[in-house]
Amino acid sequence: MAPARFQPSSIKNKIKREEVTRKLKKSKNQAKLQKRLDQAKVEANDPAAKKKRISENVPRTLDNTREADPAMLSAAGPSSAQHVEFSNDIASDPFADYFNFTQDPTIPPKVLITTSAKASKGTYEFCDELVGVFPGAEFIRRKKGKGFEMGRIAGWAAGRGYKHLLVVNEDMKKPNAITLVYLPNGPMAYFKLTSIELTKQIYGHARATPHNPELVLNNFSTTLGHNVGRMFQTLFPPLPEFQGRQVVALHNQRDFLFFRRHRYAFRSPEKVALQEIGPRFTLKLRWVKRGLPAVQNFGASPDALEISVGTEELPGPPEETPMPEQDEESEMRPLEPVPVSNPPKDNEYIWRWKPELETTRKTFFL
Amino acid sequence: MPRFLVGDELGNIKSVGYNPASQEESKTTFKILHDGTVTGRTKGIQKLALNAGEKTLLSAAHANGAVSIFSSNEDDQLELLQEWKETRIKSDQSFIGLAASGSGVSHNLAALPSRLCDWRLSHDKQTVEVSLWDTERAFSRPSESSAKGAPVNGSKKRKQSDTLFPGEVWRAKNVPNDFLGLRQPVHNTCLTYLSPSTSTSQQHLLAGTRLGDMRRYDTRAGRRPVAVFKGVGKVGGVKTVEKGFSEHEAFISDNGSNVYAVDLRNGSISYGYKGLSGTAISLAASPTYLASASIDRYIRIHSVVQLPDKVGQHLDKKGTVLERVFMTTIPTAVVWDQEQDIAPVNEDEQGGEDVWEGMKNAEEGDEKA
């Protein structure tokens, strides 16, 4: 059996005991520092050794020990069967219209920003900033009352050509959540909003310009993450104006989405300087529902039951009308009238965060 | 090993089999039976129905109004037998029910069999009471076009709303007015059959409502519901209801991410399944397991626990989610394969008997006094 080490805690005299522990700790720290200095000296002459040490000692974090999730699109490459099926799925989801580029890609999609009923100053200021962030955004004050439910507003906005409805919810005089509804009948997502810093609160902030920004979407790995990323992508015009040198980043880390807006400047072909513009906030996805927001009207009397008598067959799908010449001449085709659908009676959850889903600290959903 | 067939939004048909005895980490086997990805969402599957006769036939109703029948061949792939298109269906209407029986499907009309059909709420917000139709009578006059694959809206109004339509056998009546004397609103969302007797004329029906209630009707016993189970669908009303294989058992899912097993004797929830993150839009029960398809792209296999003999008795074990299988596209319908399990040979018992046979018989003088 090895001899027991001398423990300073066995000294009963407090002054002496503290002296001895202080000395012991100092000598340990000195030894560690000396070791690091020697290592630095060796590495100053031999950069390969430094690389080797760094590549061996990768710290283990929750991000890189994330639990394997079947919903994660693996790095198996774009030709794997899962990717093929997923890209087919994406090609016909509600956001596919944006990626077909049928209209002028520099025209921004219209976004309607509003608040919950009876908002206060903090929320209005935040909405002002949001109007500056999204190029096609408009702010409209929300009225309070029975006919102004979110589902009805979504229906009207869809009829007037808006592509998104963004509702900033307020609690205790501060904005706390964002509901993003994709129109005309797309999914809706609800995010919790925290850590808001407006432009004026950021020290040394840059000035925003009305150029279309570039977009950086980081770290969306699961199918749910992809859908949220695409939803966010459709808020901005497809073609950015590079002359504006503005970039909007939505970075996902551990299911928190960090929104930042920067202006970049190349000091040299390798070095870039960033200056932050605009609001900075954090979002956390709480649920995603299918369809427009539901509007309940329990007291309405039912229509009489009818049977459709039509036996005539509807005409088959219209044949493809050839339009090769028109595409070259005019960039913009007149918009087809958007079919306005009434808000549904109930919504289904595509995904919903529940505490029981977080089985370990290493499970993430985006 | 029960197998479930799943249809999804792109028109694929896949099969998920669950083998409880397998020693591997994942007890499910997953196979793609019919690949429909190239057609996009226009041919997404809305309803699936299986008929297990001499040959297993699977019929699928698609979003563009087409209905196809498949049969499975030897190497487990699905062959398309027949396909036709319901041209009367409009773009915002959807198939609301599909059932398959031995006689197959009639060509003239949408996919409906010679037995009874499901009625359901449609997209255009109509509120209808549960009703029972005799489809033979209804379809005997094709000029009147009672195609029940699509919800109704249209030109002819009935003068009196209470008379039965041609072919309609029975229509339910609303529950009595509430304590304020107001009519209780009718918002039925889903329907299933319980058949306590084999005769087709008496059927018990279970209907779920948007307010979260479940109503049980007996077509012989009158028009009002026999029982109303309140508060079963907790979030947003009842989405689907499916009868379990044991008596008095039904599974429901609501518009939040909940799936519950309900005891039909007293209408209370026996247990619920945890771990779902999206609405389950389709449930399929087999004698031993339950499969659910939910729009968070997972098919889950659940274990089913026998309900206690006495009503309200405490359940020791509750049902759990055994496994989940990820589907890359959103699944829309799931049905059970209807292949009865072969009773597993009980090898332990036989081994035990060998032990006994190998022993010597005790004799009288062996035991010492």
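Around the CZ atom of Phe258(A), the shell of radius 6.0 Å holds more than 12 heavy atoms that belong to other residues, nucleotides or ligands. When the shell of 6.0 Å around NZ of Lys274(B) is examined, it contains 12 or fewer heavy atoms from other residues, nucleotides or ligands. The number of heavy atoms from other shown groups lying within 6.0 Å of CZ (Arg286(A)) is above 12.
Of the possible donor and acceptor atoms, one in the side chain of Lys354(A) sits under 3.5 Å from a partner among the backbone N and O of Ser257(B).
Side-chain contact between Thr279(B) and Arg290(A) is absent, with no heavy atoms from C-beta onward closer than 4.5 Å. Residues Ser92(A) and Glu9(B) are not in side-chain contact: their nearest non-hydrogen atoms beyond the backbone lie 4.5 Å or more apart. In this structure the side chain of Arg297(B) never reaches within 4.5 angstrom of the side chain of Thr222(A), judged on heavy atoms.
For a residue to count as touching a neighbouring chain, one of its non-hydrogen atoms must lie under 4.5 Å from one of that chain's; by this rule Glu356(A) touches chain B with the side chain only. No part of Asp254(B) comes within reach of chain A, as not one of its non-hydrogen atoms sits under 4.5 angstrom from that chain. Contact of Leu182(B) with chain A is not made at all, since no heavy-atom distance falls under 4.5 Å. Only the side chain of Val235(B) has a heavy atom closer than 4.5 Å to any heavy atom of chain A. Interface residue Ile350(A): backbone and side-chain heavy atoms are both found under 4.5 Å from chain B. Only the side chain of Asp69(A) comes within contact range of chain B, with at least one heavy atom under 4.5 Å from a heavy atom of that chain.
Most heavy-atom pairs under 4.5 Å with chain B: of the set Pro344(A), Ala294(A), Pro70(A), this distinction falls to Pro70(A).
Of all the heavy atoms in Ser277(B) and Leu357(A), the pair that sits closest is CB-CD1, 3.5 Å.
Legend: residues meeting ring pair (Phe, Tyr, Trp, His ring centres under 6.0 Å) with Phe364(A), ordered by chain and number and at least two apart, are absent. In this structure Phe326(B) satisfies the ring pair (Phe, Tyr, Trp, His ring centres under 6.0 Å) test together with Tyr298(B), sequence neighbours excluded.
In this structure, CG in Leu73(A) is found 8.0 Å from OG1 in Thr328(B), a value given to the nearest 0.5 Å. A distance of 10.5 Å separates CZ in Phe86(A) from OG1 in Thr329(B), rounded to the nearest 0.5 Å. The NZ atom of Lys239(B) lies 3.0 Å from the CD atom of Glu348(A); values are rounded to the nearest 0.5 Å.
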